[in-house]
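Computed from a prediction, not measured in an experiment: that's the story for all the values here.
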Amino acid sequence: MEWSFLSAEELSTALRSGEVSSVELTEEAIARIERDDKAINSICVPDFDRARAAARSADQARARGEDRPLLGLPVTVKESYNMAGLPTTWGAPQHRDFVPAEDAVQVSRLNAAGAVVLGKTNVPVGLQDIQSFNEIYGTTNNPWDHGRTAGGSSGGSAAALASGFGALSIGSDIGGSLRTPAHFCGVYAHKPTVGLVATRGMVPPSVPVLPVELDLAVAGPMARTARDLTLLLDVMAGPDPLTFGVAHTVTLPPARHERLRDFRVLVLDEHPIIPTSAAVRASVNRVADVLADGGAHVERHSPLLPDLTEAAAVYTHLHFSGAVASYPAEAYEELVRLAAGLSADDQSLDAARMRAASSSHRDWVMANNRRELHRHGWRQLFAEFDVVLCPITPTPAFPHDHNDDVFGRRIDIDGVEYPYFDQLVWAGVATMPGLPATAVPTGLTPEGLPVGVQLIGPMFEDRTPLRLAELLEQKIGGFQAPQ
């Protein structure tokens with residue numbers, strides 16, 4: 001039997017029954033990577049020797065009667081997480097030789113849960129692109145069409161899952177970096193509520209490894225089924241043991257509903273900033289029809305929805321002002337110079353990104369105050385709805401675009417070009433207020449490309465969109481292996 005595309009849940013059942021061993025699963029995964037990953041380039045740092053040793057240890061532990069959540073399951077880890085003895089570069093050539101001495105907290109949690117880590121997955125430089133390519137490890141290709149991107153920044157993880165290279169992966173998300181690769185590759189991902197999952201040890205090599213609370217970014221799970229997302233989230237969730245973990249534990253509330261017909265869903269398929277392609281709109285509307293046919297209460301409009309145009313502006317300010325803080329001085333000064341030359345009439349998001357580079361602390365505090373107003377607006381909306389269904393990006397996976405002038409790049413939406421980074425506005429709907437969002441594959445376009453949607457839920461009610469994702473998987477199917 002071939003095991004590579006079964007769910008983590010199914011593999012765990014087979015491991016418990018003795019139908020297969022962790023060594024067998026690990027050897028099959030390694031053989032598949034060695035055979036198929038030359039064309040995909042998702043596993044940038046293999047760790048096969050330690051994986052084989054971990055698989056033997058897992059089988060021995062099971063023979064002793066142990067049973068941990070991920071015991072013996074082959075998994076992968078995004079390159080940006082520190083793993084003792086392996087390089088952590090974030091795709092930056094100047095960090096090519098950096099090797100951390102300690103594991104990131106999430107790698108430690110994988111190990112404690114019994115996972116077998118096959119290796120690390122590819123990323124863009126600094127995790128700051130919607131594609132995954134860099135000078136050190138090259139380009140990760142979409143398993144469905146090698147001429148297209150697998151997404152970023154967790155593109156290597158999504159491509160690995162779609163290719164059968166391990167049952168689970170962990171990634172991170174600030175601009176859709178979990179959700180967009182999942183959407184492009186036809187797998188599942190979950191962006192947790194901000195602050196739910198500890199992120200220590202997922203830092204650039206030049207940054208001290210400290211238990212800081214990130215402003216927008218989160219760590220999260222990726223999988224080939226919705227139930228597997230919950231399995232991995234339960235391993236990952238919880239505060240850093242060096243800070244809030246001293247006093248706090250996490251108990252997520254149950255999903256608001258168990259049955260499809262009890263969910264109240266607000267459906268959005270258009271954004272005021274950027275159009276939605278016909279393929280993505282069709283995907284959203286297909287899911288909306290399934291929800292309605294299943295008896296769910298579905299609405300298309302609500303006066304409670306926070307203003308999406310202002311939300312995009314606030315998200316752009318918070319995101320980009322934080323991103324440029326780590327830029328080299330000469331790059332930062334160039335952005336400041338460009339911002340100074342902008343016309344006051346230029347209210348585009350590209351202009352907002354430039355202005356964010358030179359914004360003051362007062363500007364940031366004012367933007368943060370606007371964020372809190374949006375958060376309150378979402379609380380009011382989620383008193384009337386359980387989940388918001390909307391796109392992840394305006395298009396399916398697009399062709400590779402490695403133009404060094406990132407602000408000169410364009411995204412083609414049904415034959416019309418738009419600024420490349422404007423496609424982030426859908427990711428920002430959940431990221432800016434810190435809401436949980438689950439990426440759900442919904443099928444293939446007529447051209448044979450995966451397409452998905454996101455389900456956004458109330459803060460710290462992560463199990464609500466995850467449960468709806470499970471119910472939708474039962475209705476519309478889920479992951480399909482690339483042909």
A.B. asks: Within a reach of under 6.0 Å around CZ of R35, are more than 12 heavy atoms found that belong to other residues, nucleotides or ligands?
C.D. replies: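 Yes, because the 6.0 Å sphere around CZ of R35 holds more than 12 heavy atoms from other groups.
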A.B. asks: Hey, does H190 have a side-chain heavy atom less than 4.5 Å from the side chain of P436?
C.D. replies: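 Of all side-chain heavy-atom pairs linking H190 with P436, at least one is under 4.5 Å.
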A.B. asks: Which heavy atom of P100 sits nearest to which heavy atom of M83, and what is that distance?
C.D. replies: CG-O, 3.6 Å
A.B. asks: Do the charged groups of D234 and R109 touch, with an N to O distance under 4.0 Å?
C.D. replies: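 No, D234 and R109 are not salt-bridged.
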A.B. asks: Report, as yes or no, whether the 6.0 Å neighbourhood of atom CD on E270 holds more than 12 heavy atoms from other residues, nucleotides or ligands.
C.D. replies: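 Yes - once you tally the heavy atoms of other residues, nucleotides and ligands closer than 6.0 Å, there are more than 12.
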A.B. asks: Given 3.5 Å as the limit, does a donor-acceptor pair link the side chain of D414 with the main chain of A278, or not?
C.D. replies: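 Yes, the answer is positive, given that a donor and an acceptor are paired below the 3.5 Å cut-off.
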A.B. asks: Taking the ring of H402 and the ring of F133, is the distance between their centroids below 6.0 Å?
C.D. replies: yes
A.B. asks: Quick check on F98: does its CZ atom have over 12 non-hydrogen neighbours (other residues, nucleotides or ligands) under 6.0 Å away?
C.D. replies: yes
A.B. asks: Nearest 0.5 Å please: distance from the CD atom of E461 over to the CG atom of L435.
C.D. replies: 10.5 Å
A.B. asks: To the nearest 0.5 Å, how far apart are CG in L127 and OG in S154?
C.D. replies: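 One finds 7.5 Å between CG of L127 and OG of S154.
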A.B. asks: Assess, by modelled atom type and distance only, whether the side chains of E310 and H374 contain a donor and an acceptor separated by less than 3.5 Å.
C.D. replies: yes
A.B. asks: Are the side chain of D401 and the backbone N or O of R409 linked by a donor-acceptor pair below 3.5 Å?
C.D. replies: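 No; zero donor-acceptor contacts below 3.5 Å.
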A.B. asks: Considering residues, nucleotides and ligands other than D49, do more than 12 of their heavy atoms fall under 6.0 Å from its CG?
C.D. replies: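 Result for CG/D49: open.
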A.B. asks: Atom OG1 of T89 and atom NE2 of H95: how far apart are they, to the nearest 0.5 Å?
C.D. replies: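 Taking OG1 in T89 and NE2 in H95, the distance rounds to 8.5 Å.
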A.B. asks: Side chains of T393 and H183 only: does a donor on one sit below 3.5 Å from an acceptor on the other?
C.D. replies: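 Side-chain D/A pair, T393 to H183: present.
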A.B. asks: Take a 6.0 Å sphere around CD of E34 and say whether it holds more than 12 heavy atoms from other residues, nucleotides or ligands.
C.D. replies: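 Yes, CD of E34 has more than 12 neighbouring heavy atoms, counting only those of other groups under 6.0 Å.
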A.B. asks: Could you tell me if the side chain of F244 sits less than 4.5 Å from the side chain of E213, heavy atoms only?
C.D. replies: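 The answer is yes, as the side chains (C-beta and beyond) meet within the 4.5 Å cut-off.
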A.B. asks: Between the side chain of Y81 and the main-chain N/O of G171, is any donor-acceptor distance below 3.5 Å?
C.D. replies: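 Checking the backbone N and O of G171 against the side chain of Y81, a donor-acceptor pair under 3.5 Å is found.
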A.B. asks: Checking the side chain of W90 only, and the main-chain atoms of V203 only, is there a donor and an acceptor separated by less than 3.5 Å?
C.D. replies: yes
A.B. asks: Any donor and acceptor pair, going by atom type alone, linking the side chain of Q454 with main-chain N or O of V440 inside 3.5 Å?
C.D. replies: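 No.
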A.B. asks: Could you give the distance from CD (E473) to OG1 (T442), rounded to the nearest 0.5 Å?
C.D. replies: 12.5 Å
A.B. asks: Looking at S157, S169, S132, S172, which one forms a side chain to side chain donor-acceptor pair (under 3.5 Å) with K78?
C.D. replies: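 For K78, the side chain to side chain donor-acceptor pair (under 3.5 Å) test succeeds with only one of S157, S169, S132, S172, which is S172.
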A.B. asks: Do any N or O atoms from the side chain of N142 and from the backbone of F184 form a donor-acceptor pair under 3.5 angstrom?
C.D. replies: yes
A.B. asks: Would a distance-only check, ignoring hydrogens and angles, find a side-chain to backbone donor-acceptor pair under 3.5 Å from N122 to I43?
C.D. replies: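 The answer is no, because no donor-acceptor pair under 3.5 Å joins these two groups.
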A.B. asks: Any non-hydrogen side-chain atom of R463 less than 4.5 Å from a side-chain atom of T230?
C.D. replies: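 R463 vs T230: side chains touch.
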A.B. asks: So does N368 get a backbone contact from the side chain of H317, meaning a donor-acceptor N/O pair under 3.5 Å?
C.D. replies: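 Checking the backbone N and O of N368 against the side chain of H317, no donor-acceptor pair under 3.5 Å is found.
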A.B. asks: What is the distance from atom CG of L342 to atom CZ of R355, rounded to the nearest 0.5 Å?
C.D. replies: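 Atom-to-atom, L342:CG and R355:CZ are 5.0 Å apart.
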A.B. asks: May I ask you to decide whether D103 forms a salt bridge with R200, counting only side-chain N to carboxylate O separations under 4.0 Å?
C.D. replies: no
A.B. asks: Is any side-chain N of the basic residue among D47 and R52 closer than 4.0 Å to the acidic one's carboxylate O?
C.D. replies: no
A.B. asks: Working to the nearest 0.5 Å, report the span between OH of Y188 and CG of L232.
C.D. replies: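 If I round to the nearest 0.5 Å, the distance is 15.5 Å.
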A.B. asks: Do you see a donor-acceptor pair shorter than 3.5 Å between the side chains of D405 and Y420?
C.D. replies: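 Their side chains do not contain a donor-acceptor pair, so the 3.5 Å distance test is not met.
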A.B. asks: State which residue, out of P396, P391, P394, fulfils the side-chain contact (heavy atoms from CB on, under 4.5 Å) condition with S277.
C.D. replies: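 Of the listed options, the one satisfying the test is P396.
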A.B. asks: More than 12 foreign heavy atoms under 6.0 Å from CZ of R227: is that the case here?
C.D. replies: no
A.B. asks: Whether the side chain of E9 engages the backbone of L6 through a donor-acceptor N/O pair (distance < 3.5 Å, no angle test) should be reported.
C.D. replies: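 Checked: no pair found.
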A.B. asks: Answer yes or no: is there an ion pair linking D462 with K191, defined by an N-O contact shorter than 4.0 Å?
C.D. replies: no
A.B. asks: Keeping D363 on the side-chain end and A356 on the backbone end, is there a donor-acceptor pair under 3.5 Å?
C.D. replies: no
